[in-house]
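Note sheet for the following structure.
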Amino acid sequence: MGTPLREVTFVVVDLETTGGVPGAHAITEIGAVKVRGGVVDSEYSTLVNPGAAIPAQITLLTGITNAMVADAPPTEQALAAFLQWAGLQEPATVAVAHNARFDLGHLRGAARALGLDWHEPRVIDTLALARRAWTRTDVPNHKLGTLAAFVGSPTSPAHRALDDARATVHVLHAALEALAPLGVTHLEDLATATDPVPASRRVKSRLADDLPATPGVYQFLSPAGQVLYVGSAVNLHRRVRSYFTAAEKRTKVARMLDTAVAVRVIETPTEVEARVRELRLIAELDPPVNRHSRSPQRRPWLHLVRSPRPRLALTTVLPLEEANSAVGPFPSRSAALQAQRAAESVLRLDPWDGLSSHTVRRDDSPADAEVAARALAGEIDLVALPLLERINALSAAQRYEEAGMWTRRLRALLLGVCRAEKIRPLLTCPQLMAARRRSGGGWELVNVRWGRLAGSAITPPGADPRPMIATVRATAQVVDRPGRVGADTSVEETALLADWVLDAGARLVQVEGLDDDAGSACSNPVSLCWPVGAAARHRRVIEAEV
């Protein structure tokens, strides 16, 4: 759920300098206060011999003279002692300063110049925090002296490091108290506490208070109960809370957040199941704010029509038995047409409508449907290599516009082949069980049937995963063999599962063989479930050309 601010250690620091640039010879004084839970834990203060003269105007401002720092520890010694005391590398420790860019910049610059270990800490700037907490109607400006007087600090800033740090502590506590009703209550909130989030939106972070810190799907609801937006998260509490505490750059989402009055969640055992459920709910509920990310259900494929005359054609209704000999799906009809033109120009089948005789050189040799079938089924070099030769020849003849045209067509074809290679194994497999080791121990299990998620689970660290594998297999959703691609499962879901199953860290646990009627053999699970990658050999060339 995050670390409450009362458990965070704040190291409030202030520096005095010579006025020079950050480096080994700039710091003249370090003052810092370590506070936790609103109580001062310890303080640190030392003058520093910068190894350089202090200008007179700086002495007038701070009162620190060259004589005062003559016997002070040098920068390296003083800074090393401060860093050891501060413990800025600790995960629940935050560095605080007023105009933090100045103070942290000098600390960082000196540490690097002197070769000291510098662990970049979390930083909160009380100047930015104060601007969020109090407007100009509350205070005339946000200078440290003005704010210290406004919050009633017993210590007044006087351009001496420790006094300024003490005053900054009181400003910090007052600002956090002012921002607490707006949802700044945990360590994780500090990263966005100074973001320009409207107060009316930030206060809605309470909608996440009772949400679990587990994977799942979340739905933002309107006052009328309409689902406005659907998303998925590995940690529901943290993700939903972030909508109200961080600046939102998407205009439609920002408007949705101002309208939403409730959040409904569905917990899932795994992140991949959450993402699948998100896709399904978007397709089912049609939330208005998700429209930009909705995946069309009827994307075109490029396949071979064998009768009455062999030809290439586009279809949005692809029989499952043709999945292993079709290319796609393509993101749009125009992309599919580009791919069709690339393939047709080499395979010498009936051309698409509008192909002029001078566009592609054709001969009178008969169309070879078997070569076309092999190309669509995975031997894409049959098309790619001749087209690359053509592109090179056109480039050599300085016919760059034509070369670019054929490059774009070939690229569209190869990207379609890559998509097909990725999802074919799952589309045509009756049942597949895969496992991935979790970072905290244990296993994440996924059961896929005919390209559709049928079940998932996790096993405890150190436990034998085999009983859970048997349970997931036995309780997985029954999925009948579909008649066509996309009939029961979106191709987007299958692609998402393919990315998970075919990840380098995944292990195939069980693969159920296909019968003869399914159009493929499953005697070799590895060849079934790992794409050949024929198109990938050309992707670098094509992307470099475009």
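Every residue meeting the salt bridge (Lys or Arg N to Asp or Glu O under 4.0 Å) condition with D499, not counting sequence neighbours, appears here in chain and number order: K422. The side chain to side chain donor-acceptor pair (under 3.5 Å) search around T268 returns none, not counting sequence neighbours. Residues satisfying the side chain to side chain donor-acceptor pair (under 3.5 Å) criterion with R239, sequence neighbours excluded, are S242, Y243. By the side chain to side chain donor-acceptor pair (under 3.5 Å) test, S200 pairs with no residue at all, sequence neighbours left out. Among residues two or more places apart in sequence or in another chain, the side chain to side chain donor-acceptor pair (under 3.5 Å) test is passed with R108 by E120.
Between the N49 side chain and the P73 main chain, no donor and acceptor come within less than 3.5 Å of each other. Under a 3.5 Å cut-off, the side chain of D103 and the backbone N or O of L15 do form a donor-acceptor pair. A distance-only check finds no donor-acceptor pair linking the side chain of D41 to the backbone of R36 [under 3.5 Å]. Side-chain atoms of T75 come within 3.5 Å of backbone N or O of A24 as a donor-acceptor pair. Between the side chain of E493 and the backbone N or O of L279 there is no donor-acceptor pair closer than 3.5 Å. Although no hydrogens or angles enter the test, the distance criterion places a donor-acceptor pair under 3.5 Å between the side chain of K204 and the main chain of D258. No donor-acceptor pair closer than 3.5 Å links the side chain of S205 to the backbone N or O of F244.
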| request: Dump the intermediate steps for side-chain contact (heavy atoms from CB on, under 4.5 Å) on R101 and D125, then the final yes or no. | output: CA-CA 8 Å; R101 178 181 296 182; D125 189 342; 5.6 Å; no
| said: The test is side-chain contact (heavy atoms from CB on, under 4.5 Å); show your working for V151 and W134 and say whether it passes. | reply: CA-CA 11 Å; V151 303; W134 304 295; 3.8 Å; yes
| message | For N447 and L432: C-alpha separation, side-chain torsions, deciding distance, then whether side-chain contact (heavy atoms from CB on, under 4.5 Å) applies. | response | CA-CA 6 Å; N447 185 275; L432 177 149; over 6 Å; no
| message | Quick one, R277 with I266, criterion side-chain contact (heavy atoms from CB on, under 4.5 Å). Give me CA distance, side-chain angles, the key distance, then yes/no. | response | CA-CA 9 Å; R277 283 178 175 261; I266 302 173; 3.8 Å; yes
| message | salt bridge (charged side-chain N to carboxylate O under 4.0 Å, His left out) for R166 and D163? Distances and angles first, verdict last. | response | CA-CA 5 Å; R166 288 168 174 168; D163 282 347; 3.6 Å; yes
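Annotation: side chain to side chain donor-acceptor pair (under 3.5 Å) contacts involving residues 139-155, sequence neighbours excluded, comprise N141-T146. Within the structure, ring-ring contact (aromatic ring centres under 6.0 Å, His included) contacts touching residues 3-42 (residues at least two apart or in different chains) do not occur. The side chain to side chain donor-acceptor pair (under 3.5 Å) analysis of residues 455-472, with sequence neighbours excluded, yields the pairs T270-S456, E273-S456, D464-R466. Sorted by first then second residue, the side chain to side chain donor-acceptor pair (under 3.5 Å) pairs that include residues 56-66, not counting sequence neighbours, number zero. Contacts classified as ring-ring contact (aromatic ring centres under 6.0 Å, His included) and involving residues 101-129 (residues at least two apart or in different chains) are given here: F102-H106.
For the residue pair S332 and S334, the shortest heavy atom distance occurs at OG-OG, 3.0 Å. Nearest approach of A435 to W443, heavy atoms of both residues: CB-CE3, 3.8 Å. The minimum heavy-atom distance linking M68 with G63 is given by the pair SD-O, 3.3 Å. For the residue pair S232 and A274, the shortest heavy atom distance occurs at CB-O, 3.6 Å. Summarising the geometry of P212 relative to V265, their closest heavy-atom pair is CD-CG2, 4.4 Å, with the distance given to 0.1 Å. Nearest heavy-atom pair, V472 versus A457, reported as atom, atom and distance to 0.1 Å: CG2-CB, 3.5 Å.
Counting only heavy atoms from C-beta outward, the side chains of E444 and R437 never approach each other to under 4.5 Å. Annotation: side chain of L187 is in contact with side chain of R122 (closest heavy-atom distance under 4.5 Å). Counting heavy atoms from C-beta outward, Q510 and I469 have side chains that approach closer than 4.5 Å. Looking only at side-chain heavy atoms (C-beta outward), Q219 and L285 come within less than 4.5 Å of each other. L508 is listed as a side-chain neighbour of V501, based on a closest heavy-atom distance under 4.5 Å. You'll find the side chain of T18 stays beyond 4.5 Å of the side chain of I58, heavy atoms only. At a threshold of 4.5 Å between non-hydrogen side-chain atoms, the residues L47 and E29 count as touching. By the 4.5 Å heavy-atom criterion applied to side chains, M256 and P288 are not counted as neighbours.
Between the CG atom of D286 and the CD atom of E284 there is a distance of 11.0 Å, given to the nearest 0.5 Å. Put simply, CZ on R280 and CZ on R452 are 4.0 Å apart, with the number rounded to the nearest 0.5 Å. Distance CG/D14 to NE2/H98: 10.0 Å, rounded to 0.5 Å. For the atom pair CZ (R438) and CD1 (I458), the distance works out to 4.0 Å, reported to the nearest 0.5 Å. In this structure, the separation between CG on L426 and CG on L497 is 6.5 Å, given to the nearest 0.5 Å. Between atom CZ of residue R408 and atom CZ of residue R411 there is a gap of 11.0 Å, rounded to the nearest 0.5 Å.
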Would you list the atom pairs, donor with acceptor, under 3.5 Å between side chains in residues 81-92 and any protein atom, with sequence neighbours excluded?
{"unit_1": "W85", "atom_1": "NE1", "unit_2": "S42", "atom_2": "OG", "d": "3.2"}

Distance-only criterion, 3.5 Å: show the donor-acceptor pairs between side-chain atoms of residues 168-185 and protein atoms not counting sequence neighbours.
{"unit_1": "T168", "atom_1": "OG1", "unit_2": "D164", "atom_2": "O", "d": "2.7"}
{"unit_1": "T185", "atom_1": "OG1", "unit_2": "R241", "atom_2": "NH2", "d": "2.9"}

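Below 30°, between 30° and 60°, or above 60°: for Y229 and Y218 the angle between ring planes is between 30° and 60°, a tilted geometry.
The only option from T93, V96, V33 that meets the side-chain contact (heavy atoms from CB on, under 4.5 Å) definition with V11 turns out to be T93.
Enclosure of atom CZ in R202 by more than 12 non-hydrogen atoms of other residues, nucleotides or ligands within 6.0 angstrom is indicated.
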